Amino acid sequence: MATVQIHNTLTKELEPIEPKHGEGKTLSLYTCGPTVYAHAHIGNFRAYVFEDLLQRHLQERGFMVRRVMNLTDVDDKTIRGAHAAGIALAEFTRPFKEAFFEDAKTLRLLPAEAYPEATDPKQITRMIAMIGTLMEKGHAYQAEDGSVYFRIASFPGYGKLARVDLENQRSGQRVASDEYDKEAVADFALWKAWVPEDGAVGWESPWGRGRPGWHIECSAMATGLLGETIDIHCGGVDNIFPHHEAEIAQCECVGAKPFVRYWMHCAHLMVEGSKMAKSAGNFFTLRDLLTQGWTGREVRYALISVHYRGALNFTLDGLAAARTALGRLDAWRERLVETAGSETTSETPAPATEGFFAALDDDLNISSALAVLFETLRETNRRMDEGAWTPAHARGMLNWLVRVDGVLALEPDAITTIPYEVEELVTARAAARTAKEWKKSDEIRDQIEALGWLVKDTKDGQKITKG
RNA sequence: GGCGGGGUAGCCAAGUGGUAAGGCCGGGCUCUGCAAAAGCCCCAUGCGACGGUUCGAUUCCGUCCCCCGCCUCCA
């Protein structure tokens with residue numbers, strides 16, 4: 001079997017992915033999900049699309065991937081949003097959860113095995129249990145303000161992922177307001193004591209009413225659903241510190257085992273060359289793009305086509321390029337289908353096409369993989385131009401494309417049926433063309449276009465496509 | 001200041017110690033009544049700057065410049 005190698009943030013090295021001993025071919029994958037206080041933006045989706053590509057390629061290579069993605073449905077922002085809207089927290093987050101799943105479907109993301117929610121009583125119970133263990137072991141303490149904090153000084157491994165040296169950190173103003181009762185500035189909250197602004201939001205715990213800190217949430221859900229040591233944990237680079245560092249500290253202090261074997265992080269996304277920000281007016285949700293007429297797969301292509309560890313400059317030009325490239329792939333696919341006809345061979349094409357998957361084995365080198373795809377496209381078209389291709393050749397190539405689609409998920413949307421109205425016009429136009437009534441033919445073509453369909457004349461007659 | 005990711009054609013972007021994949025744009029051609037679509041072909045003596053090592057560097061070493069991100073709850 002081919003070896004999939006990935007860049008591990010923890011070691012900074014390219015490492016072959018292997019399941020844990022005794023796990024067969026199963027890999028556990030935990031991916032940090034959205035905080036449901038608003039619609040996820042394309043920067044969020046860049047991460048999710050990258051994770052989807054990872055999962056799909058691992059599956060293509062024969063692994064069973066058990067993926068979990070959490071939903072953060074309680075934090076400062078969700079509480080603030082619910083309060084501002086004058087509704088209960090769950091009521092406030094529900095539409096954003098639903099929207100997230102819709103968007104994920106639009107981008108063709110494979111569903112995870114589970115989407116645990118932070119407010120799920122089962123999860124809260126687990127978080128409280130973990131905090132209890134940390135307290136018993138001296139890794140946590142309750143401060144004057146009632147909140148429970150993780151004692152970073154008690155965990156020598158703190159900083160190994162982000163390679164931070166706490167002594168050397170610039171002390172930011174951002175923490176100033178939050179420092180009150182902590183033993184050390186860097187200690188982070190495990191359990192946040194209830195404050196009046198929390199309103200009805202809160203759970204009882206041995207340390208009083210309150211709510212979980214963000215980091216413990218992921219730690220509890222990841223280990224609760226996937227076990228003490230999970231194989232792969234993904235997220236955006238901005239999560240490396242402090243979020244993932246904190247997760248390591250919590251999990252490895254509760255149990256003695258390593259928390260994660262392979263850490264993978266994708267770089268940020270920029271829009272038109274600058275950081276995406278609401279204030280800069282370059283902030284996009286998927287919905288914004290759909291409204292502008294772009295499709296889910298076009299956005300998926302734009303997000304997937306740049307290597308995950310490089311910054312992705314998301315532009316309208318890039319989307320347009322995605323549209324054109326997809327159009328070429330579609331036309332090629334259609335031509336293959338026509339050439340293949342009713343041929344049903346299960347033969348596969350030349351070994352050269354395996355280069356597509358081999359490229360992805362190398363830390364998901366999508367650029368090289370796409371290069372193989374487009375080189376294959378050009379080569380096959382050349383052969384078909386020469387008339388040198390048999391239906392079996394074409395069918396073989398389509399068999400390969402099925403595997404490619406399993407990883408890229410860029411196949412065309414289901415074909416929409418041509419309306420009767422349009423069919424009638426096409427028939428009328430065919431008659432006009434046989435009679436060489438070009439003027440009439442052109443008029444009918446305009447009518448068809450007005451209905452949103454495109455006509456092209458080929459040597460085999462008219463071809464209709466959605467405009 | 002610390003840590004990390006980058007600087008390759010108009011734009012996006014792989015890659016290699018021996019003279020630069022792919023996509024978009026652009027140009028040419030083919031098909032065609034015309035058009036559109038599509039197909040084929042062409043398109044970087046150059047890989048941030050300057051030194052060094054080498055028969056040879058974009059690729060290795062050194063110095064420097066620039067961009068982006070993180071530095072305590074933003075993917």
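In what follows, chains carry the letters A, B, and so on, assigned in the order in which the sequence lines appear, proteins first and then strands, with residues in each chain numbered from 1. Note that the coordinates shown come from a computational prediction; the quantities given were computed from them, not determined experimentally.
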Exercise for review: Under 4.0 Å between any heavy atoms, over every strand shown, what does A:His243 touch: base, sugar-phosphate, or nothing? Just pick one.
Suggested key: nothing

Check your understanding: For A:Arg46, which contact category applies under a 4.0 Å heavy-atom criterion: base, sugar-phosphate, or nothing?
Key -> nothing

Point to revise | 5′-ward residue of the pair A:Phe374/A:Cys266 relative to RNA chain B | key: A:Phe374

Practice item. Could you label the plane-to-plane angle of the A:His139 and A:Phe150 rings as parallel, tilted or perpendicular, counting under 30° as parallel and over 60° as perpendicular? Key: parallel

Check your understanding: Starting at CG of A:Leu29 and ending at P of B:A75, how long is that distance when rounded to a whole Å?
Key -> 17 Å

Check your understanding: If the sugar-phosphate is the primed atoms plus P, OP1 and OP2 and the base is the rest, what is the B/S/- string for nucleotides 32-44 of chain B, using protein heavy atoms under 4.0 Å?
Key -> -BBBBSSSSS---

Practice item. Quick one: label A:His215 by what it contacts on the DNA or RNA (base, sugar-phosphate, nothing), any heavy atom closer than 4.0 Å. Key: nothing

Check your understanding: Using a cut-off of 4.0 Å on non-hydrogen atoms, how would the nucleic acid contact of A:Ala321 be classed: base, sugar-phosphate, or nothing?
Key -> sugar-phosphate

**Study point:** Main-chain N/O of A:Ile444 paired to A:Arg429 side chain as donor or acceptor, under 3.5 Å
**Key:** no

Review point. What's the CG-C1' distance between A:Asp75 and B:U72, to the nearest Å?
Key: 15 Å

Revision key, fill the gap. Using Watson-Crick geometry (N1-N3 plus N6-O4 or O6-N4) or G-U wobble (N1-O2, O6-N3), each under 3.5 Å, B:G1 is paired with B:C71

**Study point:** For atom OH of A:Tyr301 and atom P of B:C12, their distance in whole Å
**Key:** 15 Å

Check your understanding: What's the CZ-P distance between A:Arg309 and B:C68, to the nearest Å?
Key -> 21 Å

Exercise for review: Would you check if the side chain of A:Arg383 reaches a backbone N or O of A:Trp389 as a donor-acceptor pair within less than 3.5 Å?
Suggested key: no

**Study point:** Closest to the A:Ser367 side chain, choosing from B:G23, B:A14, B:A75
**Key:** B:A14

Exercise for review: Take the protein atom CG of A:Asp76 and the nucleotide atom P of B:U72, then report the distance between them rounded to whole Å.
Suggested key: 16 Å

Check your understanding: Within the pair A:Lys160 and B:C3, is there a side-chain N or O less than 4.0 Å away from OP1 or OP2?
Key -> no

Check your understanding: Just wondering, do A:His307 and B:A13 stack (centres under 5.5 Å, planes under 30°)?
Key -> no

Exercise for review: With a 3.5 angstrom cut-off on both distances, give the Watson-Crick or G-U wobble partner of B:A38, or none if there isn't one.
Suggested key: B:U30

Exercise for review: Looking at every strand, decide which applies to A:Gly318 at a 4.0 Å heavy-atom threshold: base, sugar-phosphate, or nothing.
Suggested key: nothing

Practice item. Indicate the ring-plane relationship of A:His233 and A:Phe259, choosing parallel, tilted or perpendicular according to the 30° and 60° boundaries. Key: perpendicular

Practice item. Identify whether NZ of Lys or CZ of Arg in A:Arg46 sits under 6.0 Å from the centre of the six-membered ring of A:Phe314 and within 45° of that ring's axis. Key: no

Exercise for review: Please answer whether the main-chain N or O of A:Arg151 pairs with a side-chain N or O of A:Ser154 as donor and acceptor at a distance below 3.5 Å.
Suggested key: yes

**Study point:** Euclidean distance, atom CE of residue A:Met270 to atom C1' of B:C12 [Å, nearest integer]
**Key:** 12 Å

**Study point:** Sugar-phosphate only, base, or nothing, as touched by A:Leu269 at under 4.0 Å among non-hydrogen atoms
**Key:** base

Review point. From the list B:G6, B:A75, B:G15, which nucleotide is the closest neighbour of the side chain of A:Asn365?
Key: B:G15

Check your understanding: B:U72 C1' sits how many Å from A:Ile248 CD1, rounded?
Key -> 15 Å

Practice item. Answer yes or no: does a side-chain N or O of A:Lys275 lie under 4.0 Å from OP1 or OP2 of B:C74? Key: no

Practice item. With the side chain of A:Ala325 defined as its heavy atoms from C-beta on, choose the nearest nucleotide among B:C71, B:G23, B:C74. Key: B:G23

Practice item. Kindly assign one of parallel, tilted or perpendicular to the pair A:Phe92 and A:Phe96, based on the angle between their ring planes and the thresholds 30° and 60°. Key: perpendicular

Check your understanding: Counting N and O atoms only, with roles assigned by atom type, does the side chain of A:Asp73 sit under 3.5 Å from a partner on the main chain of A:Thr119, one being a donor and the other an acceptor?
Key -> yes

Practice item. Assign the ring pair A:His243 / A:Trp214 to parallel, tilted or perpendicular, where the plane angle (0 to 90°) is split at 30° and 60°. Key: parallel

Check your understanding: For the pair made of NE2 in A:His265 and P in B:G69, what is the distance, rounded to whole Å?
Key -> 18 Å

Practice item. Taking only the side-chain heavy atoms of A:Ala186 (C-beta and beyond), determine which of B:A75, B:G22, B:U72 contains the nearest atom. Key: B:U72

